[in-house]
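Single-structure report; data block below.
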Amino acid sequence: FAKIPFGTDYGSGSDEAMNKAVESRRMDYLEAELQNCLKEAVATKERVMFTTALITGDAVILDAIAKAGLFEKIPIVFVDTYTLFPESIAHLKEVEKHYGFEAKIYAAEGCTDQEDYYSKYGRDYWMKDIDAYDMLCKVEPMNRALKEQNSDCWINGRRRDHGADRAALPVWEGKKLNALAMWSFEDCWSYCRRHNVPYHPLHDVGYSSLGDVHSTKKVDHKIWFTYGGERSGRFQNLQNKDGSAKTECGIHSEIKADDLSIKK
């Protein structure tokens, strides 16, 4: 994106150049703010950590951590639910190699691998009790990660334009740092294009966001960048016990920002 100085006479037909300049300046600002957040977190907190689900926003944060030279100070945590797309596990290995880090992987307690999980709980445990599944495969592993890392600053990729419970997210939220809260999905892709950031391969075949195989669907590209569009393919055909539409897996709704523990 070429930087175009203010006051230049572009003449007619220059809208494209002007718009590119506006986008470039916006990305300059967002990138600077993201770097400031990461550096301030490391400077003011004692045990910062970042959790990645390998979605586009997480790719942005991972790249920003690399550019800031903070991998030694910010451990990268990944929760394997044992029901993820095989491409997600493969992509994790790819970004580990690309950036030169090793993620701390957490999964269902008492299970050594996916086959062990299947033998103990079956392949459709999520269908029997979605809340129990969320607790076993997502919330408890995340809570265990937070306790083992003794984290006082959990960096995550939630954003306001995800919609639903995330619509009014602040950047700094107790012990959670929502570093991209004010970004849009389009901003995330602009960053990835600008810096040639490695992204999840399933984006290229229609998945706007990635989660469990059983509840993640492709999304028409026409709505990817609409409000809430990114996550519109997540939690498909799932309901909470009260009958309401499911929009969260419990990791953020159960683990509170004030003390990073599960509220009972």
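By convention here, the first residue in the shown sequence is residue 1. Atom set for the values below is all heavy atoms of this structure, side chains included, hydrogens, waters and symmetry mates excluded. Please read all numbers here as calculations on a predicted model, not as lab measurements.
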*asked:* Quick one: does any side-chain atom of D152 pair with a main-chain N or O of E46 as donor and acceptor, under 3.5 Å?
replied: yes
*Close side-chain approach of C137 to T83, heavy-atom, < 4.5 Å*: no
_Residues D220, K222: salt bridge by 4.0 Å N-O rule_ = no
_pair E31-H195: side-chain heavy atoms closer than 4.5 Å_ = yes
*Is any side-chain heavy atom of F78 closer than 4.5 Å to a side-chain heavy atom of L84?*
yes
*Which heavy atom of A164 sits nearest a heavy atom of Y227, and at what distance?*
N-OH, 4.3 Å
*Decide ring-ring contact (aromatic ring centres under 6.0 Å, His included) for Y82 and Y121; before the verdict, give the C-alpha distance in whole Å, the side-chain angles of both, and the deciding distance to 0.1 Å.*
CA-CA 11 Å; Y82 292 141; Y121 296 96; 9.7 Å; no
*Electrostatic pair R158:E173 at N-O distance under 4.0 angstrom*: yes
_I want to check something: taking the side chain as every heavy atom from C-beta on, are Y199 and D204 in contact at a cut-off of under 4.5 Å?_
yes
*Counting N and O atoms only, with roles assigned by atom type, does the side chain of K104 sit under 3.5 Å from a partner on the main chain of Q149, one being a donor and the other an acceptor?*
no
*Kindly determine whether S190 and D187 satisfy side chain to side chain donor-acceptor pair (under 3.5 Å), including the steps that lead there.*
CA-CA 5 Å; S190 293; D187 291 331; 5.3 Å; no
*What's the spacing between E94 CD and E87 CD if we round to 0.5 Å?*
10.0 Å
*Looking only at heavy atoms, what is the nearest atom pair of V171 and A179, with distance?*
CG1-CA, 4.5 Å
*Hey, are R194 and D28 close enough for a salt bridge, meaning a charged N less than 4.0 Å from a carboxylate O?*
yes
*Would the number of heavy atoms belonging to other residues, nucleotides or ligands and lying under 6.0 Å from NZ of K67 be above 12?*
yes
*Just by distance, with hydrogens left out, do D212 and Y133 show a side-chain donor and acceptor under 3.5 Å apart?*
yes
_Students often mix this up, so state it plainly: with edges at 30° and 60°, are the rings of H214 and W126 parallel, tilted or perpendicular?_
parallel
*Smallest separation among heavy atoms of A181 and P170, with atom names*: CB-O, 3.6 Å
_E230 vs H162 side-chain heavy atoms within contact, under 4.5 Å_ = yes
*Is there side-chain contact between L30 and Y191, with at least one heavy-atom pair below 4.5 Å?*
no
*Closest non-hydrogen atom pair between G110 and D116, with its separation*: O-OD2, 3.5 Å
_Less than 4.5 Å apart, side chain to side chain, heavy atoms only: is that true for F185 and R159?_
yes
_Student check: side-chain heavy atoms of F50 and D58 closer than 4.5 Å_ = yes
*Is the H200 ring parallel, tilted or perpendicular to the H203 ring (thresholds 30°, 60°)?*
perpendicular
*If only atom types and distance count, is the side chain of D63 paired as donor or acceptor with the main-chain N or O of A59 below 3.5 Å?*
no
*Check: A107 main-chain N/O paired with R144 side-chain donor or acceptor under 3.5 Å*: yes
